[in-house]
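The basis for the numbers below is simple: all heavy atoms, side chains too, and nothing from hydrogens, waters or symmetry mates. For the single chain, residues carry numbers from 1 onward in sequence order.
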Amino acid sequence: MSKTYAQEIQYEYFGEHLDGLLRSRKDDLYGIVNGIDYNIYNPATDKNLFVNYDNSDALTAFDKKCENKVKLQELLGLPQDRRTPMVSMVTRLVAAKGLDLVVRMMDELLQHEDFQFVLLGTGDKVYEDWFKGLAWRFPSKVSTNIYFSNELAQRIYAASDIFLMPSNYEPCGIGQLIAMRYGAAPVVRETGGLKDTVRQYDKYEKEGNGFVFSNYNAHEMMYSLKRALSTYANFEIWIQILSNAMNSDYSWKQSAQEYKDLYQKLINK
């Protein structure tokens, strides 16, 4: 499901006791990252959004995203302010999604940083209860939604400035792909498909579509999220990141071509 994951499963930690076999067949092991349907996940036509927008002009897209943000803030009962950065997670509430890192650092972040945090998802009760408690402790900064709604998910992607996905492991992941399509910069850990699709923004080269950290460590996640929040305050740079994210191509067209090339290679053997 991704080139990096194809490498990772050859190690004991990821291999689930098959790592030896996979290493012995490494020349026959290929990783092709998943794609998303750009007709379905299209902020220009998505009927779930409050306001539609596209990637033709980053300034306009940012302005429309702010309109979506204010509407979502109103819907969720958060203070309405288009200037406040919104960090979101749309996820299964399970350990594999890196939630232990979030549990460790989110209180501290919310105490010292100015942002709103929106969560949508269901899963293990221990995480459901913790995120409910987070919303109780920070009622003006946090909206916890313990259910799943495709409509709300799309509205969150469109309203968010930053999408947090600190997975312990991630064969591919599509949350970061949808987030970028909708102009939300992912903050991810370098693992599996996250490493293959999200590139650290370089302000000198003006390249990259998000923010990454290497180790499964709560402080590294915190520093990466802080870096994203401080970058958001620089309007010119943020517009470039938004443009880079929205113009990243992770449609099935790309992945389908890789499958076609692989099949052709097998035929020619």
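Here the closest heavy-atom approach between residue Asn145 and residue Ser143 is recorded as ND2-OG, 3.2 Å. Taking all atoms of both residues into account, the shortest heavy-atom contact from Asp100 to Tyr127 is OD1-OH, 2.6 Å. What you find for Gln80 and Gln73 is that their closest heavy atoms are CA-OE1, 3.1 Å. Minimum interatomic distance between Ile9 and Leu22 (heavy atoms only, all atoms of both residues): O-CD1, 3.2 Å. Nearest approach of Leu72 to Phe50, heavy atoms of both residues: N-CE1, 3.7 Å. The minimum heavy-atom distance between Gln200 and Arg227, with the atom names listed, is OE1-NH2, 3.1 Å.
You'll find the side chain of Asn52 stays beyond 4.5 Å of the side chain of Thr45, heavy atoms only. Residues Ser2 and Glu8 have side chains not in contact (no heavy-atom distance under 4.5 Å, counting atoms from C-beta outward). For the pair Phe62 and Phe235, the minimum side-chain heavy-atom distance is below 4.5 Å. No side-chain heavy atom of Glu258 sits less than 4.5 Å from a side-chain heavy atom of Gln254. No side-chain heavy atom of Asn217 sits under 4.5 Å from any side-chain heavy atom of Leu101. Looking only at side-chain heavy atoms (C-beta outward), Lys3 and Val33 stay at 4.5 Å or farther from each other. Between Leu110 and Phe115 there is a side-chain heavy-atom pair separated by less than 4.5 Å. By the 4.5 Å heavy-atom criterion applied to side chains, Ile178 and Phe163 are not counted as neighbours.
In this structure a side-chain-to-backbone donor-acceptor pair under 3.5 Å is present from Ser149 to Leu152. The closest donor-acceptor contact from the side chain of Thr60 to the backbone of Ser56 lies at 3.5 Å or more, if one exists at all. Side chain of Lys65 to backbone of Ala158: a donor-acceptor contact under 3.5 angstrom is found. The closest donor-acceptor contact from the side chain of Asn244 to the backbone of Gly208 lies under 3.5 Å. Side-chain atoms of Gln116 come within 3.5 Å of backbone atoms of Pro79 as a donor-acceptor pair (strictly under, hydrogens ignored). A distance-only check finds no donor-acceptor pair linking the side chain of Arg199 to the backbone of Gly210 [under 3.5 Å]. Panel note: side chain Glu128, backbone Gly123; a donor-acceptor pair is recorded below 3.5 Å. Side-chain N or O atoms of Thr197 include one that pairs as donor or acceptor with a backbone N or O of Gly193 at under 3.5 Å. Put simply, the side chain of Arg189 gets close to the backbone of Asn168: a donor and an acceptor are under 3.5 Å apart. A donor-acceptor contact shorter than 3.5 Å is absent between the side chain of Ser251 and the backbone of Tyr38.
Here the two rings, on Tyr201 and Phe211, have centers that are 6.0 Å apart or farther. Residues Tyr169 and Tyr13 place their aromatic rings such that the two centres sit no closer than 6.0 Å.
Summarising the geometry, atom CG belonging to Asp114 is positioned 10.0 Å from atom OH belonging to Tyr232; distances are rounded to the nearest 0.5 Å. Here OH of Tyr30 is found 13.5 Å from OH of Tyr259. Values are rounded to the nearest 0.5 Å. To the nearest 0.5 angstrom, Arg155 atom CZ is 13.5 Å from Ser160 atom OG. Interatomic distance, Ile162 CD1 to Thr231 OG1, rounded to the nearest 0.5 Å: 8.0 Å. Of the inter-residue distances, the one linking Thr84 atom OG1 with Asp161 atom CG reads 9.5 Å to the nearest 0.5 angstrom. Here the CG-CD distance, from Leu29 to Gln7, works out to 7.5 Å after rounding to the nearest 0.5 Å.
Between Phe14 and Tyr5, the two ring planes are perpendicular [angle over 60°; tilted spans 30° to 60°].
Ile267 and Ile32 end up in different hydrophobic clusters when Ile, Leu, Val, Met, Phe, Trp and Tyr side chains are linked at under 4.5 Å. One hydrophobic cluster holds both Phe148 and Leu76 under the rule that ILVMFWY side chains link at heavy-atom gaps under 4.5 Å. A continuous path of ILVMFWY side-chain contacts below 4.5 Å connects Leu109 to Tyr223, so both sit in one hydrophobic cluster. Cluster annotation: Val118 is connected to Ile146 through the hydrophobic network of ILVMFWY side chains, with a link wherever side-chain heavy atoms come within less than 4.5 Å. Tracing side-chain contacts under 4.5 Å through hydrophobic residues (I, L, V, M, F, W, Y), one never reaches Val102 starting from Val94; they form parts of separate clusters.
Between Lys71 and Glu67 no salt bridge is recorded (no basic side-chain N to carboxylate O distance below 4.0 Å). A salt bridge is defined here as a Lys NZ or Arg NE, NH1 or NH2 lying under 4.0 Å from an Asp or Glu carboxylate O, and Glu74 with Lys69 fails to meet this definition. A salt bridge does not link Asp202 to Lys206: none of the charged nitrogens lies less than 4.0 Å from a carboxylate oxygen. The pair Asp124-Arg92 does not count as a salt bridge, with every side-chain nitrogen at least 4.0 angstrom from each carboxylate oxygen.
Screening Leu119, Leu120, Asn68 against Ile156 for a side-chain contact (heavy atoms from CB on, under 4.5 Å) leaves a single residue, Leu120.
A 6.0 Å sphere centred on CD of Glu12 holds no more than 12 heavy atoms belonging to other residues, nucleotides or ligands. The number of heavy atoms from other shown groups lying within 6.0 Å of CD (Glu16) does not exceed 12.
In summary, the side chains of Tyr182 and Gln154 do present a donor paired with an acceptor at a separation below 3.5 Å, with no hydrogens or angles considered. Residues Glu170 and Thr191 have side chains that never bring a donor and an acceptor to within less than 3.5 angstrom of each other. Side-chain atoms of Asp19 and Gln10 form no donor-acceptor pair, as typed in the model, at a separation below 3.5 Å. Between the side chains of Asp261 and Gln257, at least one donor-acceptor pair of N or O atoms lies under 3.5 Å.
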Determine whether His219 and Met105 satisfy the following criterion, side chain to side chain contact (heavy atoms under 4.5 Å, CB included), listing intermediate values before the conclusion. CA-CA 7 Å; His219 284 90; Met105 303 308 306; 4.2 Å; yes
List the steps and the verdict of side chain to side chain contact (heavy atoms under 4.5 Å, CB included) for Phe131 and Leu99. CA-CA 10 Å; Phe131 281 108; Leu99 299 183; 4.2 Å; yes
Chi angles and distances behind the side chain to side chain contact (heavy atoms under 4.5 Å, CB included) call for Asp63, Arg82: CA-CA 9 Å; Asp63 185 62; Arg82 59 186 286 138; 2.6 Å; yes
Run the side chain to side chain contact (heavy atoms under 4.5 Å, CB included) check on Thr144 and Trp136 step by step: do they pass? CA-CA 9 Å; Thr144 293; Trp136 180 82; over 6 Å; no
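In this structure, Arg181 forms no cation-pi arrangement with Tyr250, as its terminal cationic atom is not both closer than 6.0 Å to the ring centre and no more than 45° off the ring axis. For the pair Arg104 and Trp130, the cation does not sit on the ring face, since its NZ or CZ is not both under 6.0 Å from the ring centre and inside 45° of the axis.
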